[in-house]
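Right, one structure below, let's go through it.
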Amino acid sequence: MDNIFNIIKLPEKTEDESTDILKENSNIKIERIISTGQVTDWMIQNREEYVILIQGNAVIEFEDRKSELKEGDTIIIRKEERHKVSYTSENPCCIWICIFYD
């Protein structure tokens, strides 16, 4: 049995987030991402994404709205919906579970 909090060592603050692929096949990809203050540029994805913020605080911006997320919040990012992560907390770091599906 796995535990989502079973992180051997939290990454040091770097330019890039830490990403672990927990499961992937042609229908789905499940990632655990650890953010320590990183933000992203505008993105457009070719799959739907169900996002769970397990720990920390974050802000995801869309063209027409902004979502402020706290521990336990979820959000769906639609296929081809333009968005960016404009804030992630450093202490505590953000632990995300992202599920990409068709």
Side-chain angles (χ1 to χ4, degrees):
M1 176 166 61
D2 290 327
N3 186 305
I4 205 65
F5 292 106
N6 186 18
I7 301 166
I8 295 174
K9 181 180 176 192
L10 289 176
E12 298 294 324
K13 182 172 168 123
T14 62
E15 188 174 313
D16 297 321
E17 298 170 312
S18 172
T19 302
D20 295 310
I21 297 174
L22 304 177
K23 177 70 176 174
E24 183 174 24
N25 62 37
S26 61
N27 299 319
I28 195 167
K29 178 167 76 168
I30 303 172
E31 294 179 340
R32 176 180 56 198
I33 300 170
I34 300 173
S35 304
T36 54
Q38 294 88 352
V39 296
T40 67
D41 290 328
W42 287 101
M43 299 180 278
I44 298 175
Q45 300 168 167
N46 61 359
R47 298 179 96 177
E48 304 280 317
E49 180 181 5
Y50 180 70
V51 177
I52 307 165
L53 185 59
I54 301 292
Q55 174 181 289
N57 297 291
V59 176
I60 299 177
E61 291 185 39
F62 299 87
E63 290 187 317
D64 60 346
R65 69 191 187 286
K66 179 181 357 181
S67 294
E68 296 182 14
L69 304 172
K70 64 184 182 319
E71 186 174 300
D73 285 344
T74 66
I75 190 169
I76 293 177
I77 300 172
R78 299 287 175 208
K79 179 180 179 178
E80 299 182 6
E81 186 173 33
R82 191 170 186 256
H83 66 284
K84 69 178 179 177
V85 178
S86 59
Y87 171 77
T88 61
S89 61
E90 293 182 47
N91 189 13
C93 65
C94 289
I95 301 175
W96 309 82
I97 299 298
C98 300
I99 304 168
F100 301 88
Y101 59 95
D102 293 321

- Query: For Thr88 and Gln38, does a side-chain donor sit closer than 3.5 Å to a side-chain acceptor?
  - Reply: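 The answer is no; no qualifying pair exists.
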- Task: Check for a donor-acceptor pair, side chain of Thr36 on one end and backbone N or O of Cys93 on the other, with a separation under 3.5 Å.
- Result: no
What's the spacing between [X] [atom1] and [Y] [atom2] if we round to 0.5 Å?
{"X": "Ile77", "Y": "Ile60", "atom1": "CD1", "atom2": "CD1", "value": "4.5 Å"}
{"X": "Lys70", "Y": "Asn57", "atom1": "NZ", "atom2": "CG", "value": "9.0 Å"}
{"X": "Met43", "Y": "Glu81", "atom1": "CE", "atom2": "CD", "value": "11.0 Å"}
{"X": "Ile21", "Y": "Ile30", "atom1": "CD1", "atom2": "CD1", "value": "11.0 Å"}
{"X": "Cys94", "Y": "Ile34", "atom1": "SG", "atom2": "CD1", "value": "10.5 Å"}
{"X": "Leu53", "Y": "Cys98", "atom1": "CG", "atom2": "SG", "value": "9.0 Å"}

- Message: Check this for me: does any side-chain nitrogen of one of Glu63 and Arg78 sit under 4.0 Å from a carboxylate oxygen of the other?
- Response: no
- Query: Looking at Glu49, Lys23, Arg47, which one forms a side-chain contact (heavy atoms from CB on, under 4.5 Å) with Lys29?
  - Reply: Arg47
- Taking atom NZ of Lys84 as the centre, does the number of heavy atoms from other residues, nucleotides or ligands within less than 6.0 Å exceed 12?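 Yes.
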- Task: Using the test side-chain contact (heavy atoms from CB on, under 4.5 Å), find all partners of Glu71 that sit at least two apart in sequence or belong to another chain.
- Result: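 Testing Glu71 for side-chain contact (heavy atoms from CB on, under 4.5 Å), a comparison that skips the adjacent residues, returns Gln55.
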- Closest approach of Ile76 and Tyr50, non-hydrogen atoms and distance? CG1-CD1, 3.6 Å
- Message: Testing the basics here: between Asp73 and Glu68, what is the closest heavy-atom pair and its distance to 0.1 Å?
- Response: OD2-O, 4.0 Å
Side chains of [X] and [Y] in contact at under 4.5 Å (non-hydrogen atoms):
{"X": "Phe100", "Y": "Glu31", "answer": "yes"}
{"X": "His83", "Y": "Gln45", "answer": "yes"}
{"X": "Arg32", "Y": "Ile95", "answer": "yes"}
{"X": "Ile97", "Y": "Ile99", "answer": "yes"}

[X] with [Y], same ILVMFWY side-chain cluster at under 4.5 Å:
{"X": "Phe62", "Y": "Leu69", "result": "yes"}
{"X": "Ile75", "Y": "Ile33", "result": "yes"}
{"X": "Ile54", "Y": "Leu22", "result": "yes"}
{"X": "Tyr101", "Y": "Ile52", "result": "yes"}

